[in-house]
Structure formats: C-alpha cells, structure tokens
Amino acid sequence: MVGQLTSSEIESILSRNYIGHLACTDGNTPYIVPITFYYDAPHNSIIGYTTVGRKIETIRKNPNVCVEVSEIHNLTHWASVIAEGTYQELSGVEAMEAIKLLMHDLANLINAEGQQKVDFISDMARLAEDKERVVYRVYFTDKNGRYEDKDAE
C-alpha cells in the first residue's frame, strides 16, 4: 500500500532523524546535498551548520529550499518527508543557542543508535570563531510525506 503520511507521522520522522537532503537552486541549476540537522518542532524548522561553498552561495541567491528526509527499510517499506521552506543564516547568541540544540539532539540520537559520537560534534563548539562556517535555519512553509508498506496490502 502506498499512501500519504499524517501530520503526526511527518513530525515523528523529522524528530527521529538527523540526516537528510537539502535542495536549492540559483534559478537555473538545481543542486542537492546531504545535510545533518536538528528538527526544532516548536519553531517548525531545522537547524544546521555547514562550511561556505556552493550550497551557501546558491542559497544566498535564492533562500527558497526543500528538505527531504527518508526512512528506507527496503524497496517496499519506506517513508519520505518533503518540506519546503525558507533559509535564514543565524549569528551571535541565536547561532550559539541553535548549535546547543543541534549538539544535544545529535548526541541523543546517535547514542540511541548505539554509535560513538562523531568528531564534528566537538567541532561545533568552535563555530563562533570560524568565519568559514554558517549556522542556519530552514523555516518550513509546507510539509508532506508518503510511504509504502507492501505488507499492509
């Protein structure tokens, strides 16, 4: 069975994941990249950080982006959320508070999976000193999702 995810299923998928894909365009060429994120449900947004490069240069030209998050078990058992939104760069206290949320959530999710903490979590603490890094939010304007569950047919 293929169907639409409910709002609560969409929220659940976004809350329990931290890896997705961000799509952007400069108006001519689409560009998509994997991202690590924290889903900030109260603000209907994700928080992320990255280095300055093609992604940031493209988004600065056009802040309208799309985020995709999937849970794929196999070809006939998967769920995917697509969320459209607007990118905003953070700075100062707002950026540091966002990084705290991101670090806390990633540590919890990674520990829940039984993995060791990855090195970049400790690197986030130095973001305020690194001008080549960007802390950002994507505020969602629309979210939808689909799933397939062959066993439910």
Side-chain angles (χ1 to χ4, degrees), residues 3-27 30-73 78-148:
Q4 293 288 119
L5 295 172
T6 65
S7 293
S8 63
E9 290 169 329
I10 289 170
E11 294 297 304
S12 181
I13 287 172
L14 291 171
S15 294
R16 69 177 171 252
N17 286 281
Y18 56 92
I19 296 175
H21 292 89
L22 184 136
C24 55
T25 182
D26 60 6
Y31 187 60
I32 188 165
V33 293
I35 60 168
T36 302
F37 68 90
Y38 161 70
Y39 179 57
D40 185 4
H43 293 102
N44 193 35
S45 66
I46 61 164
I47 297 168
Y49 92 103
T50 189
T51 56
V52 174
R54 180 176 175 186
K55 172 178 55 193
I56 294 301
E57 291 168 1
T58 300
I59 296 172
R60 285 176 175 165
K61 292 176 188 172
N62 180 359
N64 299 311
V65 298
C66 184
V67 174
E68 183 273 341
V69 178
S70 297
E71 292 181 343
I72 301 171
H73 302 284
W78 54 265
S80 178
V81 172
I82 304 289
E84 297 173 7
T86 304
Y87 165 89
Q88 179 183 55
E89 289 185 21
L90 306 177
S91 60
V93 173
E94 188 177 23
M96 293 311 295
E97 290 300 317
I99 286 299
K100 286 179 190 175
L101 288 172
L102 177 61
M103 287 173 54
H104 181 265
D105 188 66
L106 287 178
N108 287 339
L109 288 170
I110 291 168
N111 287 339
E113 292 177 347
Q115 297 182 35
Q116 292 182 342
K117 291 182 183 176
V118 290
D119 291 339
F120 78 88
I121 291 176
S122 62
D123 292 340
M124 286 186 216
R126 294 185 294 244
L127 284 179
E129 302 165 9
D130 188 349
K131 294 182 180 171
E132 290 298 307
R133 301 225 179 223
V134 175
V135 180
Y136 65 89
R137 269 190 195 270
V138 173
Y139 289 97
F140 293 139
T141 56
D142 187 42
K143 296 181 283 196
N144 61 71
R146 294 180 55 87
Y147 71 92
E148 181 173 355

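When a residue number appears, it is its place in the shown sequence, counting from 1. No hydrogens, no waters, no symmetry mates; every other heavy atom, side chains included, goes into these values.
- Using a distance-only test at 3.5 Å, with no hydrogens or angles considered, no donor-acceptor pair links the side chain of T86 to the main chain of P63.
- With a 4.5 Å cut-off on side-chain heavy atoms, L101 and H43 do not count as touching.
- Distance check: Q4 CD to E9 CD gives 10.5 Å after rounding to the nearest 0.5 Å.
- Under the 3.5 Å distance criterion, the side-chain polar atoms of N17 are left unmatched by any main-chain donor or acceptor of I19.
- T25 contributes atom OG1, which lies 10.0 Å from atom NZ of K61 (distance to the nearest 0.5 angstrom).
- Annotation: the span from R137 atom CZ to F37 atom CZ amounts to 13.5 Å, rounded to 0.5 Å.
- Put simply, CD on E71 and CZ on R16 are 4.0 Å apart, with the number rounded to the nearest 0.5 Å.
- The two residues L102 and I47 come nearest to each other via the heavy atoms CD1-O, 3.9 Å.
- Looking only at side-chain heavy atoms (C-beta outward), I35 and T50 stay at 4.5 Å or farther from each other.
- Judged as a salt bridge (charged side-chain N to carboxylate O under 4.0 Å, His left out), not a single pair has a partner in residues 41-58 (not counting sequence neighbours).
- The nearest pair of heavy atoms linking A79 to I13 is CB-CD1, 3.6 Å.
- Considering only heavy atoms from C-beta on, E89 comes within 4.5 Å of I56 through its side chain.
- Of all non-hydrogen atoms in L5 and S80, the two that sit nearest each other are CD1-O, 3.8 Å.
- Results of the side-chain contact (heavy atoms from CB on, under 4.5 Å) test with F140 over D40, I10, N44 single out N44 as the only residue that passes.
- Looking only at side-chain heavy atoms (C-beta outward), D26 and Y31 stay at 4.5 Å or farther from each other.
- With contacts defined as side-chain heavy-atom distances shorter than 4.5 Å, the pair L22/Y87 does not qualify.
- Residues C66 and I82 are in side-chain contact: their nearest non-hydrogen atoms beyond the backbone lie under 4.5 Å apart.
- Judged purely by distance below 3.5 Å, without hydrogens or angles, the side chains of E11 and Y39 pair a donor atom with an acceptor atom.
- Minimum interatomic distance between C24 and T58 (heavy atoms only, all atoms of both residues): SG-CG2, 3.7 Å.
- Going from atom CG of N64 over to atom OG1 of T141 covers 7.5 Å, rounded to the nearest 0.5 Å.
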